[in-house]
Structures are given as C-alpha cells and as structure tokens.
> 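Quick one: structure below, then a few questions.
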Amino acid sequence: MRNFSELSEREILALAIGAEEEDGRIYADIAEGLHADFPASAKVFFEMAAEESDHRRRLIDLYQEKFGDHIPLIRRQDVKGFLHRKTVWQLPKPSIRDVRKLAESMESETANFYRLAASRTSDVTIRKLLGDLAEAEQNHEHIADKLTEANVPEPVRQTEDKSAERNFVLRYVQPGLAGLMDGSVSTLAPVFAAAFATHKPHEAFIVGIAASLGAGISMAFAEALSDDGSLTGRGSPILRGAITGGMTTVGGLGHTLPFLIPNFWTAMAVAFGVVVVELGVISWIRARYMEAPPLQAALQVALGGAIVFGVGVALGTS
C-alpha cells in the first residue's frame, strides 16, 4: 500500500478512473435496490450513475491521450489515506434518508480528492480536467437536488418517506417492542415471586436469568416461525426473531440485575425503579411509533405491569 503523495500523474488518473467506476456502480446498486419500493428516487440515482460514467469516460480519454491504452488497476484500498466505502450489498437495506445522505457524502469526498489531485500535478491539461471534475462533484449536490425536484416532487417524497418509516416499524420496531414488552412484563412475576418467597437476592437473580433467557429463546423462535415476510413486507424472519429474542432477554435482565445487590431491600428498591423505567420506555415507543395516545399507552402498560407484579408478590408472600 502506498501513500497518495507518492503517486505519479499517471497513477492518479488511473485511481480516479477506478474511483469513478466504483461510485457509478454504487449509485446503480442503490437505484436497483430502491426500484421496487421507491421508483422515483431510483431514477435519481440511475441518473447520478450516468453522470459518474461520463466523468469516467472523460478521464479515460485524457489518460489514453497522455499515457496510452493500458490503465493499471489502482483501487482505493491500495492507497493510504484514500476514502473507503463499503459496497452497498454489504450494508443493511438503507432508508431513503440514508441513501440521500450517502450520495452527498460521496460527492463531497470525491470533490476533495480531485482538488488534492489537481494540486499535485504539473500537467496543465490534467490539472484542468481534475479541477473541472472537482467543481462538477461539488455541484453534484445541486444536480441531485434538481433531479430530485424533477423526479421526486414533495408529495412523492413524503409518500416514500412514509413508506420507509412504515417498513422500519414493521421490520424493527414491532418485533423489538413485542420482545421488550414480553421480557419486561412476563418476567416480573417469577422474579418478584422468588424474591419475596426467599428474601434472598441471589435466588431471585438466578430465577430472573433463567426466565429472561428462556423467554428470549422462546420469543425468537416464535417470531421467526410466525411469518416469512414475503407477503407482509416484514423482512427477514431470522433478523426479526433475533431482534425479538434479544429485546425479550434485555427486558427481563433489566430488573434482574439489581438482585446482584446483597441487601434484599436495596435490591428490591433498585429493581422496582428499573421496572418503572422499563414501562416508561415501552409507553414512549408505543406512543412514538405505534401512534397510541401517550396517556393511554402509559396507562395500558402500567396496568399490565401492575397486574403481573401483583401476581408475583402475591405468590411470593403466600
């Protein structure tokens, strides 16, 4: 791997050619991924890919004029200090906002590269092209805005953003919320029953760990097997199962960990405080993403938690 400062003019052009090809393919990959759900935004990125292809053609023409037909394979990862990007297929399915921000970041980084490259070449023709490309990349943000205005008017953008948020809720929030509710509420009874029955924090801790892990595994399988996502659009069943199982375990562990405190009543007080926080978080998520009225969401969650907590206390003191 070499430093950027060590590259010759020939190598800088070769690097720029490879970078433009990579950026064009990234835009095309984004467009292909958006095409089914967001056709208007996909068109924007197809046109951005065409812009990068034109830049690559101009670089190749100049390279052939200056150095001949053979273009050495020099990639971003071969040069120290050069910007690196994961290919789109390695990333989780991005939202509309994510890909728009990605495009702005790519153009800004590439413009900086061209300005630095232009400052390091003495050939007037090469310097001019690199400077022109730096300006073009800097202006791409405005081109993207114009393409967006033409292809993604505000009503369409609002529809796409709503669709993206709906997909986020279906694929991440709902399974996570179901797990958090199950873990936070269903494990209250066994944990506090064990605590009041034995007055030994360690015993309650063991019961809580077992209940949390057992519930997490059970909920993970239940969610993964309930729906393959092909018709509902809820995404990968494995991912949903992992989210649900993980959040179930987290919900149970929250009020279990305080029982590591040796003093019984101190552990009870901390655990009760954690329960209040857990129920508050659940209420907020339901109000924020599930469009439940805040007061109604809080009362429903508090009522459910209080009932289960009461059952645990009753069983533990009987």
> Report the residues that fulfil side-chain contact (heavy atoms from CB on, under 4.5 Å) with Arg115, sequence neighbours left out, ordered by chain and then residue number.
Ala111, Asn112, Ala134, Gln138
> Cut-off 3.5 Å, no hydrogens considered: what does the side-chain donor-acceptor table look like for residues 259-269, sequence neighbours left out?
{"unit_1": "Asn263", "atom_1": "OD1", "unit_2": "Trp265", "atom_2": "N", "d": "3.2"}
{"unit_1": "Asn263", "atom_1": "OD1", "unit_2": "Thr266", "atom_2": "N", "d": "2.9"}
{"unit_1": "Asn263", "atom_1": "OD1", "unit_2": "Thr266", "atom_2": "OG1", "d": "3.0"}

> Side chain to side chain contact (heavy atoms under 4.5 Å, CB included) between Phe192 and Val311: does it pass, once the steps are laid out?
CA-CA 9 Å; Phe192 285 96; Val311 169; over 6 Å; no
> Looking only at heavy atoms, what is the nearest atom pair of Glu6 and Glu11, with distance?
O-OE1, 4.2 Å
> Using 4.0 Å as the upper bound for N to carboxylate O, is an ion pair formed by Glu22 and Arg75?
no
> Using every non-hydrogen atom in the two residues, find where Val274 and Pro258 come nearest and quote the distance to one decimal.
CG2-CG, 4.0 Å
> With a 3.5 Å distance limit and no angle check, can you tell me whether Arg58 reaches the backbone of Leu129 through a side-chain donor-acceptor pair?
no
> Ignoring hydrogens, what is the shortest heavy-atom contact between Pro72 and Ala14? Give both atom names and the distance.
O-CB, 3.6 Å
> Determine, using the 4.5 Å side-chain heavy-atom cutoff (strictly less than), whether Met219 and Val191 are members of one ILVMFWY cluster.
no
> Can you list every pair that meets salt bridge (Lys or Arg N to Asp or Glu O under 4.0 Å) and has a residue in residues 120-133, with sequence neighbours left out?
Lys66-Asp123, Lys128-Asp132
> Under the rule for side-chain contact (heavy atoms from CB on, under 4.5 Å), what residues qualify as partners of Ala242, not counting sequence neighbours?
none
> Is it true that a side-chain atom of Ser119 and a backbone atom of Leu116 form a donor plus acceptor pair closer than 3.5 Å?
yes
> Taking side chain to side chain donor-acceptor pair (under 3.5 Å) as the definition, give me every residue that meets it alongside Arg286, ordered by chain and number, with sequence neighbours left out.
Gln300
> Please table the atom pairs, donor to acceptor, closer than 3.5 Å between any side-chain atom in residues 197-209 and protein atoms at least two apart or in another chain.
{"unit_1": "Thr198", "atom_1": "OG1", "unit_2": "Ala194", "atom_2": "O", "d": "2.8"}
{"unit_1": "Thr198", "atom_1": "OG1", "unit_2": "Lys200", "atom_2": "N", "d": "3.1"}
{"unit_1": "His199", "atom_1": "ND1", "unit_2": "Phe196", "atom_2": "O", "d": "3.1"}

> Enumerate the side-chain hydrogen bond (donor to acceptor under 3.5 Å, both in side chains) contacts for residues 267-285, please, sequence neighbours excluded, ordered by first and then second residue.
His255-Glu278
> Under the side chain to side chain contact (heavy atoms under 4.5 Å, CB included) rule, what do Val275 and Ser184 come out as? Steps first, then yes or no, please.
CA-CA 7 Å; Val275 170; Ser184 297; over 6 Å; no
> Less than 4.5 Å apart, any side-chain heavy atom of Leu62 and any of Thr125?
yes
> Under 3.5 Å, which donor-acceptor pairs do the side chains of residues 245-253 form with other protein atoms, sequence neighbours left out?
{"unit_1": "Thr248", "atom_1": "OG1", "unit_2": "Gly179", "atom_2": "O", "d": "3.2"}
{"unit_1": "Thr248", "atom_1": "OG1", "unit_2": "Thr244", "atom_2": "O", "d": "2.7"}
{"unit_1": "Thr249", "atom_1": "OG1", "unit_2": "Gly245", "atom_2": "O", "d": "3.0"}

> Quick check on the hydrophobic clustering: are Phe272 and Leu188 connected, directly or via other members, by side-chain heavy-atom contacts under 4.5 Å?
yes
> Answer whether the closest heavy-atom distance between the side chains of Glu20 and Leu59 falls below 4.5 Å.
yes
> Do the side chains of Ile60 and Leu133 join up, straight or via other hydrophobic residues, at under 4.5 Å, putting them in one cluster?
yes
> Which heavy-atom pair separates Leu15 from Phe113 by the least distance, and what is that distance?
CD2-CE1, 4.0 Å
> Does Arg57 pair with Asp61 as a salt bridge, N-O distance under 4.0 Å?
yes
> Taking only residues two or more places apart in sequence, or in another chain, which ones meet Glu21 in a side chain to side chain donor-acceptor pair (under 3.5 Å)?
none
> Rounded to the nearest 0.5 Å, how far apart are CD1 of Ile243 and CD1 of Ile238?
12.0 Å
> Indicate the atoms forming the closest heavy-atom contact of Asp23 with Glu52, along with that distance.
CB-OE1, 3.9 Å
> To the nearest 0.5 Å, what is the distance between CD on Gln174 and CG on Leu177?
8.0 Å
> Linking I/L/V/M/F/W/Y whenever their side-chain heavy atoms sit closer than 4.5 Å, directly or via other members, would Val281 and Val270 fall into one cluster?
no
> Once side-chain contact (heavy atoms from CB on, under 4.5 Å) is applied, do any residues pair with Phe67, and if so which ones, sequence neighbours excluded?
Glu9, Arg10, Leu13, Tyr63, Ile126
> Is there a side-chain contact between Asp182 and Thr187 in this structure, where contact means two heavy atoms from C-beta onward sitting under 4.5 Å apart?
no
> Which residues pass the side-chain contact (heavy atoms from CB on, under 4.5 Å) test with Ala49, not counting sequence neighbours?
Tyr27, Ala28
> Can you list, by chain and residue number, the hydrophobic cluster partners of Ile217 when the side-chain cut-off is 4.5 Å?
Phe221
